[in-house]
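Remarks on the structure that follows.
Model, not experiment: these values are computed from the prediction. Atom set for the values below is all heavy atoms of this structure, side chains included, hydrogens, waters and symmetry mates excluded.
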Amino acid sequence: MLLEKIEILLDEVRQMQAGNAAEIEALRLKYLSKKGAINELMADFRNVAADQKKAIGVKINELKQAATTRLNELKEQCDNTAPSEDEIDLTRTAYPIRLGTRHPLTIVKNKIVDIFSRMGFTIFEGPEIDDDLHVFTKLNFAPDHPARDMQDTFFIEQNAENHVTKNVILRSHTSNDEVHYMETHELPIRMICPGRVYRNEAISARAHCFFHQIEGLYIDKGVSFTDLKQVLLSFARELFGNDTKIRLRPSYFPFTEPSAEMDISCHICGGKGCGFCKHTGWVEILGCGMVDPNVLEACGIDSSIYTGYAFGLGVERITNLKFQVADLRMFSENDIRFLHEFEAAN
């Protein structure tokens, strides 16, 4: 009796037909689920005489294997069958997966790196988590300099060992990379160091607690401020156009002497004056100067033989100038609508 039931089910599973995934799933539930026909055979199998169990067990396994094989065949047929017109959503875009784009900060950073790379600068990336020695002390920051204050710097850890305080901090500028590079590389040095930096500031349209910088360093015999000016002029014209003018204003940074801030002629109004440049015709983009001899000596470089210059710029600042993004927070909010505006810039 049980063998006849198995044979009947065998004929059924071998002749199974289905036109879509839903019908295939219905057949699977009918025959192979816990409440399916094949599983129900096991209740009758318990009452089979001992001398017949082996033969009937083989037939049940044959039935289960036949059902599994047929369902797989139906799935393969269904996958290879083109959908009918009734199953096609004619309102769906032909390209359902929209291609991604580079982030505007990445676009500008890559452009800046490319410009300086073609000038012979080597790319170097150092640690974002560093110590006070490399972030401040070797860069000629006085012990009471405001930048060391908790209001500006994120301190991760402070341990007192043998009356010496070792500060582990999130770097507030990428100048620490320059110190690491000077300590580990032979002269002459010509490098740039792009990276992310952190400062304990209130987040607003004009400021953020993290942003991106690119700093550059050139050290060799006979390096002068004139060399610095020419490199920065070439950079500005390459990035903003051949008509771009620059001006250098005296400033102060602990690690450079003399120091300057560089402005470029506003590329929006051509230097005539507009709301973007506050009607001055100029926009500040970076700080620069000759490397202070104290910094050279702290990094093991003889300042009586070698001189050098350094410069640093904010990637967000340059991106604002290139794409006129008014709110810095847009760069980190991951709004897809905002990011897709830069497809043509890739």
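- Placement of L313 and Y252 in two distinct hydrophobic clusters is found when ILVMFWY residues are connected by side-chain heavy-atom separations under 4.5 Å, directly or transitively.
- In this structure, E257 has no side chain to side chain donor-acceptor pair (under 3.5 Å) partners at least two apart in sequence or on a different chain.
- Residues S332 and H208 approach most closely at OG-NE2, 3.2 Å, considering heavy atoms.
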Candidate pair F235 and F116, rule ring-ring contact (aromatic ring centres under 6.0 Å, His included), full reasoning: CA-CA 7 Å; F235 160 71; F116 284 111; 4.8 Å; yes
Start with the C-alpha gap between F211 and L328, add the side-chain angles, then the distance that decides, and say whether side-chain contact (heavy atoms from CB on, under 4.5 Å) holds. CA-CA 9 Å; F211 52 98; L328 281 178; over 6 Å; no
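- At a threshold of 4.5 Å between non-hydrogen side-chain atoms, the residues H180 and P127 count as touching.
- No path of Ile, Leu, Val, Met, Phe, Trp and Tyr side chains, each step under 4.5 Å between heavy atoms, connects F136 with V197, placing them in separate hydrophobic clusters.
- The hydrophobic clustering, which links ILVMFWY residues whose side-chain heavy atoms are closer than 4.5 Å, places F323 and F331 together.
- In this structure, the separation between CG on L233 and CE on M262 is 8.0 Å, given to the nearest 0.5 Å.
- In this view, D327 and R329 satisfy the salt bridge (charged side-chain N to carboxylate O under 4.0 Å, His left out) rule, not counting sequence neighbours.
- Note on D177 versus R171: salt bridge recorded, some NZ/NE/NH1/NH2 to OD/OE distance being below 4.0 Å.
- Within the 4.5 Å cutoff, the side chain of R190 has no heavy atoms near those of the T122 side chain.
- Within the 3.5 Å criterion, the main-chain N or O of I214 finds no donor-acceptor partner in the side chain of K109.
- Hydrophobic clustering of Ile, Leu, Val, Met, Phe, Trp and Tyr side chains at less than 4.5 Å, counting indirect connections, keeps L9 apart from L29.
- A continuous path of Ile, Leu, Val, Met, Phe, Trp and Tyr side chains, each step under 4.5 Å between heavy atoms, connects L71 with V13, placing both in one hydrophobic cluster.
- With a 4.5 Å cut-off on side-chain heavy atoms, V223 and I219 do not count as touching.
- The shortest side-chain heavy-atom distance between T174 and F124 does not fall under the 4.5 Å cut-off.
- Using a cutoff of 4.0 Å between basic side-chain nitrogens and carboxylate oxygens, K138 and E183 are scored as salt-bridged.
- Annotation: the span from I246 atom CD1 to I264 atom CD1 amounts to 10.0 Å, rounded to 0.5 Å.
- One finds no salt bridge joining R196 and E316 here, because no Lys/Arg side-chain nitrogen approaches an Asp/Glu carboxylate oxygen to under 4.0 Å.
- The aromatic rings of F253 and F255 sit parallel to each other, their planes meeting at less than 30°, with 60° as the upper class boundary.
- Although no hydrogens or angles enter the test, the distance criterion places no donor-acceptor pair under 3.5 Å between the side chain of Q213 and the main chain of G312.
- Between H185 and Y181, the two ring planes are parallel [angle under 30°; tilted spans 30° to 60°].
- In this structure, SG in C266 is found 10.5 Å from CH2 in W282, a value given to the nearest 0.5 Å.
- By the 4.5 Å heavy-atom criterion applied to side chains, M16 and Y31 are counted as neighbours.
- Here the shortest heavy-atom pairing between L139 and N176 reads CD1-N, 4.3 Å.
- When side chains are defined from C-beta on, D131 does not count as touching I169, because their heavy atoms never get closer than 4.5 Å.
- Side-chain contact check for D114 and S117: no donor-acceptor pair (N or O, by modelled atom type) lies under 3.5 Å.
- At least one donor-acceptor pair under 3.5 Å links the side chain of N140 to the backbone N or O of P254.
- When all heavy atoms are compared, the tightest approach of K34 to N39 is O-ND2, 2.6 Å.
- To the nearest 0.5 Å, the span separating CG on L170 from CD1 on I129 amounts to 6.0 Å.
- Checked by atom type and distance alone, the side chain of R247 never pairs as donor or acceptor with a backbone atom of D263 at under 3.5 Å.
- E215 contributes a side-chain N or O that, together with a main-chain N or O of S175, makes up a donor-acceptor pair within less than 3.5 Å.
- Side chain of H340 to main chain of D335: no donor-acceptor pair is present (N/O by atom type, distance under 3.5 Å, no hydrogens or angles).
- At a threshold of 4.5 Å between non-hydrogen side-chain atoms, the residues H103 and F342 do not count as touching.
- The local environment of CG in D11 is crowded, with over 12 non-hydrogen atoms from other residues, nucleotides or ligands closer than 6.0 Å.
- Put simply, CD1 on I24 and CD on Q77 are 8.0 Å apart, with the number rounded to the nearest 0.5 Å.
- The CD1 atom of I112 sits 6.0 Å away from the CG atom of L239 when rounded to the nearest 0.5 Å.
- Side chain of E261 to main chain of S251: no donor-acceptor pair is present (N/O by atom type, distance under 3.5 Å, no hydrogens or angles).
- With N72 contributing its side chain and T69 its backbone, the two residues share no donor-acceptor pair below 3.5 Å.
- By the side chain to side chain donor-acceptor pair (under 3.5 Å) test, E125 is found to be paired with no residue, residues two or more places apart in sequence or in another chain being considered.
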Step by step, would you call R249 with E284 a salt bridge (charged side-chain N to carboxylate O under 4.0 Å, His left out)? CA-CA 10 Å; R249 295 177 288 104; E284 185 264 323; 5.5 Å; no
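- Heavy-atom minimum distance, L217 versus A310: CD1-CB, 4.2 Å.
- Judged by distance alone, the side chain of R237 and the main-chain N or O of T244 form a donor-acceptor pair under 3.5 Å.
- Residues F225 and P258 have side chains in contact (heavy-atom distance under 4.5 Å, counting atoms from C-beta outward).
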